[in-house]
Chemist: 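My questions will all concern the structure given below.
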Number of protein chains: 2
Amino acid sequence: MSISNPKQALYEQFAAVAKALGNPQRLELVEHLAQGPRSVDALASKLCLPIANVSQHLQAMRRAGLVTSERDGKFINYRLADESVLAAFAAIRAVAERHSAEVERVVRGWFDQRDNMEPVSREELASRMNDGLVTVIDVRPADEFALAHLPGAINLPLSELESRLPALEAGREIVAYCRGPWCVMSFEAVAELRKRGFNARRLEDGLPEWKAAGLDVEASA
Amino acid sequence: MSISNPKQALYEQFAAVAKALGNPQRLELVEHLAQGPRSVDALASKLCLPIANVSQHLQAMRRAGLVTSERDGKFINYRLADESVLAAFAAIRAVAERHSAEVERVVRGWFDQRDNMEPVSREELASRMNDGLVTVIDVRPADEFALAHLPGAINLPLSELESRLPALEAGREIVAYCRGPWCVMSFEAVAELRKRGFNARRLEDGLPEWKAAGLDVEASA
DNA sequence: CCTACATTCAATAATTCCGTTGAATGAACT
DNA sequence: AGTTCATTCAACGGAATTATTGAATGTAGG
């Protein structure tokens, strides 16, 4: 940790950032924070982890400059430091996608039939939405939906999907999305919907990427 | 390492990639490999590290899918797996640049005067080169220069810079580049040239970024 | 002031990571 | 076959990371 050599000091800074991203739990925290600011407590219950554990991870990420925190009454809200953090996450994901047979394997585990599991791109969805050709469902929990969602999307949390299936118009194309490209909820939703005979596909990305691309989002009152 | 939960399995894959980048020495290896394929031995002597150490780092990176290796006679050449690795490195660098006061501090250590230390962008340099207005110097060691360099650049390794200064036309604008945006050699070169009264600036990026942008490179015979 | 509650801190143990050492492998050359 | 040389392997110790526990801090509200 000596600062003698400036070149080494630089690499250590860069490595510190990568190291802060080098943990599955912290990556999951990033994905949740990409939906919007959250308190330690809220994150802990989403991830089903001890609060102290989450707190420490968040502090580690703060030290590396990934997140910032702000007190709000009794709570402390963490948020992503800036868009570059999400970009870094995406870049790492891209490396993993190209290499890792494991990633492929996981995805295939969801779909026996690999045909037409291709996700819908942002651009494609945006144009279909304009034409009113598609029902967009947001499978995230209601609280995340309330903060921001795609315009016109209906909230159908995974836990309630089965019971609320009758509300969906059969035959109409359905596109499901959730937190991000590898958030498993939309995979599960599409698998479930297909099993029931719906014409369902997945949005390639999640809400954060949609927002980052400068497209409109809606918020509930 | 259990594969029970697919969501967790994904995050672990992603984390593994980030972890492989989360070490200063490995990042330096990435930067060198970005110049072109190298043997373990060549990398070890560039970084001044024990060979076994470098070998292990490279194997860790190979496990994470960052590099691939190929035997060539007695040597084993490692190379970056694909461009996405360099993109991930750049993304991490970007996070560090936004946050880290330390990064700022290091850069300022080189320049007392902060004015006109702004780097030249790729686009700007490309157009000036077309107009023949600028002398481009490549301050990397001769072997790296030989593999690939900017068209028309002259090789002036940092170690020989002082002795070969007379070869430079005074008054003409000089742009120096090296391995990448934070490779310190070009910082040092510019500082030295300025001290001698030359009108010198740094290219914002290094050779790998130039190549990745699809611009032309030259190679020596 | 006292309580409730969100968060952080401190201390611990289990695990993993890192660098070093010296031996083993494997290809090229004599 | 035997030698040389690049690389890898195996094993060790020290350092850092991680999850867990329980206590401490600090804010809000009665």
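So that the names make sense, note that chain A is the first sequence line, chain B the second, and so on, each numbered from 1. None of the values given here were measured: they were computed from a predicted structure.
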Chemist: So what does B:Ala52 hit on the nucleic acid, given a heavy-atom distance under 4.0 Å: a base, only sugar-phosphate, or nothing?
Modeler: base

Chemist: Does B:Val175 reach the side chain of B:Ile137, with side-chain heavy atoms less than 4.5 Å apart?
Modeler: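 Of all side-chain heavy-atom pairs linking B:Ile137 with B:Val175, none is under 4.5 Å.
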
Chemist: For D:dT17, does OP1 or OP2 lie under 4.0 Å from any side-chain N or O of A:His57?
Modeler: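 A:His57 to D:dT17 OP1/OP2: no side-chain N or O under 4.0 Å.
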
Chemist: Where the side chain of A:Gln59 is concerned, which of C:dT7, C:dC9, D:dT8 is the nearest nucleotide?
Modeler: C:dC9

Chemist: Using whole Å, what does the distance between atom P of nucleotide D:dT7 and atom CZ of B:Phe75 come to?
Modeler: 6 Å

Chemist: Take nucleotides 11-17 of chain C nucleotide by nucleotide from the 5' end and write B, S or -, depending on whether a protein heavy atom sits under 4.0 Å from the base, only from the sugar-phosphate, or from neither.
Modeler: ------S

Chemist: Check the distance between D:dC12's P and B:Asn53's CG and give it to me in whole angstrom.
Modeler: 19 Å

Chemist: I need the CG-C1' distance between B:Leu49 and D:dT7, as an integer number of Å.
Modeler: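 So the two atoms are 16 Å apart, to the nearest Å.
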
Chemist: Map A:Arg71 and A:Pro50 onto DNA chain D by nearest heavy atom, then report which one ends up closer to the 5' terminus.
Modeler: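 Mapping each residue to its closest nucleotide by heavy atoms, the 5'-most match is A:Pro50.
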
Chemist: Where does the angle between the aromatic ring planes of B:Tyr11 and A:Phe89 fall among parallel (under 30°), tilted (30 to 60°) and perpendicular (over 60°)?
Modeler: parallel

Chemist: Going by atom types only, do B:Asp41 and B:Ser39 share a side-chain donor-acceptor pair under 3.5 Å?
Modeler: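 No, B:Ser39 and B:Asp41 have no side-chain donor paired with an acceptor closer than 3.5 Å.
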
Chemist: Rounded to the nearest Å, what distance is computed from the CD1 atom of residue B:Ile76 to the P atom of nucleotide C:dA27?
Modeler: 9 Å

Chemist: Taking the side chain as everything from C-beta on, heavy atoms only, tell me whether A:Ile154 gets closer than 4.5 Å to A:Asp138.
Modeler: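 When only atoms from C-beta onward are counted, A:Asp138 and A:Ile154 do not touch, as no gap falls below 4.5 Å.
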
Chemist: Scan side-chain atoms only and decide if A:Gln35 and A:Arg179 contain a donor-acceptor pair under the 3.5 Å cut-off.
Modeler: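 Absent: no donor and acceptor within the cut-off.
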
Chemist: Figure out the CG/P separation between B:Asp41 and D:dA6, and round it to whole Å.
Modeler: 5 Å

Chemist: May I ask you to test the A:Met61-A:Val30 pair for a side-chain heavy-atom distance under 4.5 Å?
Modeler: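 A side-chain contact exists here, since the closest heavy-atom pair is under 4.5 Å.
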
Chemist: Tell me: CD of B:Gln25 to C1' of C:dC18, nearest whole Å?
Modeler: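 Distance check: B:Gln25 CD to C:dC18 C1' gives 9 Å.
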
Chemist: Can you tell me if the side-chain N/O atoms of A:Tyr78 get under 4.0 Å from OP1 or OP2 in C:dT8?
Modeler: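 True: A:Tyr78 side-chain N/O within range (under 4.0 Å) of C:dT8 OP1/OP2.
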
Chemist: I want to check something: taking the side chain as every heavy atom from C-beta on, are A:Glu144 and A:Lys46 in contact at a cut-off of under 4.5 Å?
Modeler: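 When only atoms from C-beta onward are counted, A:Lys46 and A:Glu144 do touch, with a gap below 4.5 Å.
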
Chemist: In this structure, how many angstroms lie between the C1' atom of D:dA19 and the CG atom of A:Leu47, rounded?
Modeler: 14 Å

Chemist: Please list residues of residues 29-40 of chain A whose heavy atoms come under 4.0 Å from any atom in DNA chain C, ordered by number; otherwise none.
Modeler: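 Heavy-atom cutoff 4.0 Å gives A:Ser39, A:Val40.
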
Chemist: In terms of ring plane angle, is the pair A:Phe145 and A:His149 parallel, tilted or perpendicular, where the classes change at 30° and 60°?
Modeler: parallel

Chemist: Using atom CG of A:Asn77 as one end and atom P of C:dT8 as the other, report the distance to the nearest whole Å.
Modeler: 11 Å

Chemist: With heavy-atom distances below 4.5 Å as the criterion, would you say the side chains of B:Glu204 and B:Arg122 are in contact?
Modeler: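 They are not in contact (no side-chain heavy atoms under 4.5 Å apart), so the answer is no.
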
